[in-house]
Amino acid sequence: DNNHTLFVYNWREGTLQCKGKGDGNKVMAVSWSPDDKSIVTCGVKSFRVWSPKGRNLKSKKGLFGKAAKIQPLLSIAWMRQEGEGEGEERTPDTYQCVLGAADGNLCKLESNEDGTTGRKIAEAFGGGGEPHEKAVNTLFSVPLDFDGPLPLRGGIVSGDDAGKVAVWDNAGAQYQETIDLNAEGIAPKCFKRNVRAVCMDEDCTKILVGTKGSEIYEFEARAPEGVDGVFGKRIGDGPLVQAHCKDELWGLALHPSKPE
């Protein structure tokens with residue numbers, strides 16, 4: 001609707017749990033914090049932080065401040081900060097929201113004193129060609145239950161419109177080098193190298209990259225224990241999947257005997 005109202009459903013029961021009105025700005029992404037305390041939406045020159053309040057959703061308009069210019073925000077992910085202590089005295093993990101911006105920056109939101117998501121951008125990093133120079137179309141949070149090497153725990157993966165993919169630790173430092181789909185031999189048979197989706201498997205050994213040309217490539221993120229590997233090395237001779245991405249599809253046929 002014109003207010004870009006946010007609805008929360010119980011998908012198992014198909015029932016509406018709560019809702020809240022937004023504003024006139026188009027929403028491009030929505031994400032629920034891993035601790036269930038906040039919902040963040042972002043879009044055309046705006047973002048909002050939502051808090052469930054019974055049958056209603058209360059929201060606060062995000063503030064760009066001086067850390068980032070006002071611009072479209074396209075994607076959302078969460079960096080995990082591990083709690084301190086052990087056993088019953090261990091403090092809960094906290095999660096910091098990161099927004100992918102049109103100028104290539106990753107915008108990290110401040111955290112409130114209670115660990116919940118604040119509404120002001122505290123820091124912007126990763127833009128200006130280091131490594132992103134175009135819009136960050138997609139972000140992915142490293143699986144929350146991953147307990148492997150520290151640089152990956154709690155981190156995120158980012159992909160931009162220039163065909164670059166980067167992995168970040170939970171402090172915003174880049175892990176290893178950038179995967180550049182435009183580099184020679186990195187993404188053969190690729191029709192359009194703009195990155196539209198990134199994903200990492202549960203043990204963080206592989207990165208899947210989806211492109212605007214409807215190709216999906218698989219790259220090494222780290223070597224499994226006891227196996228040598230190179231970060232960013234393509235797995236396989238070419239894309240795992242190729243599909244249509246432009247013009248009209250006029251025909252479709254099933255194989256007469258195989259499930260294809």
Side-chain angles (χ1 to χ4, degrees), residues 6 8 27-43 46-52 57-65 67-68 72-84 90-102 104-127 132 135-160 165-175 195-204 207-210 221:
L6 182 64
V8 176
V27 174
M28 306 295 289
V30 57
S31 181
W32 204 315
S33 66
D35 59 8
D36 293 339
K37 295 180 179 179
S38 304
I39 301 173
V40 175
T41 57
C42 67
S46 67
F47 67 96
R48 282 184 173 273
V49 179
W50 303 74
S51 302
L57 278 171
K58 302 296 184 181
S59 72
K60 292 183 178 180
K61 186 177 180 179
L63 304 175
F64 284 84
L73 301 169
L74 309 171
S75 50
I76 306 172
W78 301 85
M79 289 178 169
R80 174 169 63 102
Q81 311 298 327
E82 296 183 7
E84 299 178 352
R90 189 177 187 275
T91 58
D93 294 347
T94 58
Y95 302 90
Q96 199 160 19
C97 184
V98 179
L99 309 176
N105 272 305
L106 303 178
C107 301
K108 186 188 297 184
L109 301 189
E110 65 182 11
S111 296
N112 297 321
E113 292 184 359
D114 60 358
T116 58
T117 303
R119 64 174 182 141
K120 184 177 181 179
I121 294 176
E123 176 188 0
F125 62 94
H132 298 306
V136 180
N137 296 317
T138 177
L139 292 171
F140 179 80
S141 303
V142 170
L144 300 177
D145 56 356
F146 175 68
D147 59 358
L150 185 60
L152 287 176
R153 289 206 310 266
I156 62 174
V157 186
S158 60
D160 71 13
V165 176
V167 180
W168 309 85
D169 67 16
N170 64 0
Q174 188 172 351
Y175 172 75
V195 177
R196 285 293 183 263
V198 291
C199 183
M200 188 176 279
D201 63 348
E202 292 182 355
D203 57 1
C204 297
I207 298 174
L208 286 178
V209 179

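Numbers for residues simply follow the sequence, beginning at 1.
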Under 3.5 Å, is there a donor on one side chain and an acceptor on the other for Trp168 and Ser158? yes

Minimum side-chain heavy-atom gap [X]-[Y] below 4.5 Å:
{"X": "Ile76", "Y": "Phe47", "value": "no"}
{"X": "Met200", "Y": "Val142", "value": "yes"}
{"X": "Val40", "Y": "Thr117", "value": "yes"}
{"X": "Trp50", "Y": "Thr41", "value": "yes"}
{"X": "Lys120", "Y": "Leu109", "value": "no"}

Name all residues meeting the ring-ring contact (aromatic ring centres under 6.0 Å, His included) criterion together with Tyr175; count only those two or more places apart in sequence or in a different chain, and write none if there are none. Phe231

The ring-ring contact (aromatic ring centres under 6.0 Å, His included) partners of Tyr95 (sequence neighbours excluded) come to none

Taking side chain to side chain donor-acceptor pair (under 3.5 Å) as the definition, give me every residue that meets it alongside Gln174, ordered by chain and number, with sequence neighbours left out. Thr178

I'd like to check the side chain to side chain donor-acceptor pair (under 3.5 Å) partners of Ser46; sequence neighbours left out, ordered by chain and number. none

List for me each residue that meets side chain to side chain contact (heavy atoms under 4.5 Å, CB included) alongside Val195, sequence neighbours excluded, and say none if there are none. Thr138, Val165, Leu181, Val198, Val209

Name all residues meeting the side chain to side chain contact (heavy atoms under 4.5 Å, CB included) criterion together with Thr94; count only those two or more places apart in sequence or in a different chain, and write none if there are none. Gln81

Between [X] (side chain) and [Y] (backbone), is there a donor-acceptor pair under 3.5 Å?
{"X": "Ser33", "Y": "Lys37", "result": "yes"}
{"X": "Asp169", "Y": "Gly172", "result": "yes"}
{"X": "Arg119", "Y": "Lys61", "result": "yes"}
{"X": "Asp114", "Y": "Thr116", "result": "yes"}
{"X": "Asp93", "Y": "Gly83", "result": "yes"}

Arg153 bridged to Glu82 by N-O distance under 4.0 Å: yes

Residues Ile39, Leu57; criterion side chain to side chain contact (heavy atoms under 4.5 Å, CB included); working and verdict: CA-CA 9 Å; Ile39 301 173; Leu57 278 171; 4.3 Å; yes

Looking only at heavy atoms, the pair that brings Val136 and Asn105 closest together is CG2-O, 4.0 Å

